[in-house]
Amino acid sequence: MKKTMKQHSFALRLKSLALVFGIGLAFASCANEDIAQNPNGKDYDANLTTFSTGDPTTRTSMESDGKFFWEAGDKIYVKDDNGTWNASSNSPTGKTAYFKFKVPGTYTAHMSYDVYYPGKNGNQNQVTIAANQSQAEPNSTAHFGASGDCGMATATRIASERNFNFTLNHKAAYLLFLPRTSNTILHNCYLTKIEINSDNDITSTYTLDPTTGELTGTGTDKQIIISTGGSGTYANGFPLTNNATSAATNGAYVVIKPGTHTLEIRYWVKDVATGIEGTITKILPSASYDQNNYYNITANLDVKNYDGDHYYMWDAQEQYWKGYEWTKNLGAGVGQPTLNGNSSSNYARNISDANHRWYNDGSGAFQATQSCASLPNVNEMTWYAAAGDPRWDADRLWTTMGHLCKGGMWFKKKANISGYNPNTAVDGTDWRTDGNANGWSVSQTLPSAADAGNYFFLPALGRYYSGQLDFVGSNGIYWSSSAYPVNDYSSYNLTFDSGDIIVMNNGGRNDGFRVGVFE
C-alpha cells in the first residue's frame with residue numbers, strides 16, 4: 001500500500017500548500033487588537049512594554065486559505081532586566097492576524113530580548129507536547145497551541161521606543177495526515193482518531209533553549225493520540241469518502257518532538273451502522289522530523305480481505321463450500337453462510353461427497369497429503385504458540401465475505417523464533433507420534449513500532465461446524481498438517497482467542513477450519 005511523507009518548511013509551506021491543495025495565498029492585513037489605543041495612535045501604558053508580531057509566518061495556527069493566526073489565549077514570556085520571568089498581560093480573544101503583546105517588567109538594558117512562546121499548556125521556557133491532542137474539524141490547526149506548538153524569537157527594539165518586534169521561530173515538528181481510500185466498505189466509515197507510536201520519545205515536557213536554538217530534554221512517552229471530530233457534521237469523526245488526498249475532507253495535524261523517529265501509525269476507523277471500530281496500521285521507516293517543518297503523511301487506507309475459500313475439512317481435496325460459495329449468491333440456507341450464527345445444509349456429509357470436500361480419513365500417525373500438506377506440522381505449531389510471543393490485537397480491521405471485522409493474533413515469524421525445530425516440539429518430544437496437547441496465555445500488548453516487522457498476523461476467522469459459521473472476530477482455528485495419532489477422527493490444530501492459545505486435536509476432521517499462511 002502506497003504511503004508517502006513530504007516535508008515542508010514553515011518558511012516555504014505557504015508556497016507548497018498552494019501546490020498541494022490549490023489554495024490562494026492572498027494575505028490580508030488586520031488591525032484587530034485586544035489593546036487600547038491612545039488618541040495619538042500609539043500604545044501607552046507606563047508599566048508595560050510592547051512586543052509586536054505581524055509577520056504571517058509567526059502565527060500559531062493555519063487555515064486552508066494559507067492565512068496564519070494567533071489564537072485566543074496565546075501568551076508570550078520574556079525575562080526582564082532583573083532576571084524575572086514575565087508573561088504577557090494580554091492575549092488575543094480570538095483569531096487575529098496581528099497582535100501586540102503587553103509584557104510587565106523593565107526592558108531598558110538591552111536592544112534585544114529573547115521571547116518564548118511555550119504553547120497554552122507551557123510556562124516560561126517549559127513546553128509540554130501533549131500526548132492527547134484533539135482536532136474538531138478537518139484541516140484546522142486551532143489546536144496547535146494546546147498541543148505543544150512552541151517557539152522562540154529575538155525581539156529587537158524599535159528606535160528609542162518601548163516597543164520591540166519579533167518573528168517567532170517554531171521549535172516543534174508537525175505532521176499532516178492525509179488518508180484516502182477506494183475501499184467502498186470504508187467509504188461508509190469515519191476516522192475517529194490517529195495513534196502515533198514511536199521508537200523513542202515524541203511527547204513530554206521539554207525546554208526552549210536559546211543557546212542551542214532547539215527543544216532540549218528527553219522523555220519516556222512514545223505515543224500521541226489525536227482525536228478527530230467534534231459536533232455537527234463531524235460528530236462521528238472525519239469522513240473517509242475521498243478516493244484522492246483531501247485535506248478539506250479529513251486532514252489532521254499533530255505536533256511532535258523533533259528528532260529521528262520510526263513511526264507506527266494506527267488509523268482508528270468506525271462503522272457507525274454496525275458499531276465496529278478498529279485500526280488500520282501503517283509503518284513509516286526511520287526519518288528525521290525537523291523543527292519548524294511539517295510533513296504530509298499520505299496513506300491509502302485499505303484493509304486486508306480474507307476470502308471465504310480457505311475453510312476445509314482436514315486435508316480434504318476441496319474447500320468446505322465447493323459448489324456453494326458465497327460469491328454465487330445462492331440465498332440464505334443454501335449457499336455459504338457469511339455471518340456468525342447462519343447455517344446451510346449443503347456441506348459434505350460423507351466420503352462420497354461429489355465435490356471431494358470430505359476429510360482425509362487415514363489412520364495412525366501421518367502427515368497431510370492434500371489441502372493441509374503445506375501447513376506447519378504440530379511440532380511447529382507449538383513453537384508458534386509457546387515461543388512465538390503471541391499477542392492479541394482486538395482492533396485490527398479486516399474484511400471477509402463482504403463484511404468488516406476485527407480481531408486476531410500477532411506471532412513472531414519463524415526466522416525470529418529461537419530454537420524453532422520442525423522435528424521436536426517446544427518440550428523436546430515429537431507430538432506427531434506422542435499425541436500431546438497444551439495451552440499458553442497470550443499477551444495483550446501489541447508489537448512495538450521498532451519490532452513490528454518481526455511479526456505476522458492471523459485473523460480470528462472462526463469455523464464452520466455442521467454447516468454453521470461461528471466465532472468470526474473472537475477465535476482463530478487453524479489446521480496443522482499432522483493427524484492426531486491416537487484416533488482416526490481428529491487432527492491437530494492451533495486455536496486462539498483473546499486470552500489463550502491451544503495446540504491439540506480440538507474438534508473433528510469434518511469441521512471447517514482455516515488453512516492459513518504461517519510465515
Side-chain angles (χ1 to χ4, degrees), residues 306-326 336-337 344-385 400 411 414 421-425 429-438 456 458-472 475-496 501-519:
Y306 296 92
D307 62 43
D309 297 341
H310 284 78
Y311 295 92
Y312 284 80
M313 293 187 182
W314 186 73
D315 202 32
Q317 293 182 44
E318 299 290 349
Q319 58 147 315
Y320 196 93
W321 293 106
K322 177 70 173 179
Y324 298 90
E325 296 89 339
W326 74 278
Q336 178 178 7
S344 168
S345 61
N346 290 313
Y347 59 94
R349 304 303 181 91
N350 53 57
I351 198 170
S352 300
D353 179 69
N355 290 324
H356 306 290
R357 300 174 297 170
W358 194 248
Y359 61 81
N360 186 332
D361 62 354
S363 61
F366 73 102
Q367 294 298 111
T369 59
Q370 298 176 140
S371 59
C372 295
S374 63
L375 302 181
N377 66 42
V378 63
N379 291 330
E380 293 174 290
M381 288 295 198
T382 69
W383 287 101
Y384 283 112
T400 187
F411 295 88
K414 176 169 62 176
N421 187 344
N423 296 314
T424 57
T429 66
D430 188 348
W431 284 26
R432 293 172 297 184
T433 56
D434 292 350
N436 293 337
N438 209 341
F456 70 97
L458 288 180
L461 280 160
R463 67 168 188 184
Y464 285 100
Y465 177 76
S466 297
Q468 178 172 304
L469 181 61
D470 295 309
F471 305 131
V472 174
N475 293 77
I477 310 174
Y478 289 81
W479 286 124
S480 79
S481 61
S482 302
Y484 188 62
V486 178
N487 60 51
D488 298 338
Y489 56 82
S490 63
S491 292
Y492 279 112
N493 51 76
L494 179 148
T495 301
F496 61 76
I501 187 166
I502 302 169
V503 178
M504 65 178 295
N505 60 319
N506 179 32
R509 294 181 188 176
N510 61 335
D511 289 332
F513 297 164
R514 288 292 292 196
V515 170
V517 177
F518 287 72
E519 298 182 24

Q | Within 6.0 Å of OH in Y465, more than 12 heavy atoms from elsewhere | A | no
Q) Do Q319 and D309 have side-chain N/O donor and acceptor atoms under 3.5 Å apart? A) yes
Q: List the atom of W479, the atom of M313, and the distance in Å for their closest heavy-atom pair.
A: NE1-C, 3.9 Å
Q: Please report the closest heavy-atom contact between L494 and F411, naming both atoms and the distance.
A: CD2-CZ, 4.2 Å
Q. Just wondering, do Y311 and L461 contact through their side chains at under 4.5 Å, heavy atoms?
A. yes
Q. Partners of R357 by salt bridge (charged side-chain N to carboxylate O under 4.0 Å, His left out), sequence neighbours excluded?
A. D353
Q. If we only count heavy atoms from C-beta on, is the D361 to D488 side-chain gap below 4.5 Å?
A. no
(Q) So Y324 and S344, do their side chains get closer than 4.5 Å, heavy atoms only? (A) no
(Q) Between W314 (side chain only) and S480 (backbone N and O only), is there a donor and an acceptor less than 3.5 Å apart? (A) yes
Q.
Taking N493's backbone N and O only, do any of them form a donor-acceptor pair with N506's side chain (distance below 3.5 Å, no angle check)?
A. no
Q | Y359 side, atom OH; N510 side, atom CG - distance, nearest 0.5 Å | A | 6.0 Å
Q. At their closest point, which heavy atom of G435 faces which heavy atom of V486, and how far apart are they?
A. CA-CG2, 4.3 Å
Q: State the OG-CZ distance between S466 and R349, to the nearest 0.5 angstrom.
A: 8.0 Å
Using a 3.5 Å cut-off and no angle test, enumerate the donor-acceptor pairs between side-chain atoms of residues 511-519 and protein atoms at least two apart in sequence or in another chain.
from, atom 1, to, atom 2, distance (Å)
D511, OD2, G508, N, 3.1
R514, NH1, D307, O, 2.9

Q.
Return the CZ to OG1 distance between R432 and T424, rounded to the nearest 0.5 Å.
A. 9.0 Å
Q. Side-chain donor-acceptor pair under 3.5 Å between S491 and D315, yes or no?
A. no
Q: Measure the OH-CZ distance between Y484 and R509 for me, rounded to the nearest 0.5 Å.
A: 12.0 Å
Q) Which atom names give the shortest non-hydrogen contact between Q317 and Y312, and what distance separates them? A) O-CE2, 4.2 Å
(Q) Keeping N379 on the side-chain end and N423 on the backbone end, is there a donor-acceptor pair under 3.5 Å? (A) yes
Q. Under a 4.5 Å cut-off applied to non-hydrogen side-chain atoms, are Y478 and P376 in contact?
A. no
Q) Do you see a donor-acceptor pair shorter than 3.5 Å between the side chains of Q367 and S482? A) yes
Q. Is there a donor-acceptor contact under 3.5 Å from the side chain of Y492 to the main chain of N436?
A. yes
Q) Distance from N346 atom CG to K322 atom NZ, nearest 0.5 Å? A) 15.0 Å
Q) For G467 and W321, which heavy atoms make the closest approach, and how far apart are they? A) O-CZ2, 3.7 Å
Q | F456 atom CZ: more than 12 heavy-atom contacts under 6.0 Å | A | yes
Q) With no hydrogens and no angle check, do the side chains of Q336 and Y320 hold a donor and an acceptor under 3.5 Å apart? A) no
**Q.** Nearest non-hydrogen partners of V503 and W431, listed with the distance
**A.** O-CZ3, 3.6 Å
Q: State the CG-CZ distance between L458 and F496, to the nearest 0.5 angstrom.
A: 5.5 Å
Q.
Do S352 and W358 have side chains that approach each other closer than 4.5 Å (heavy atoms only, starting at C-beta)?
A. no
Q) Do N360 and T369 have side-chain heavy atoms sitting under 4.5 Å apart? A) yes
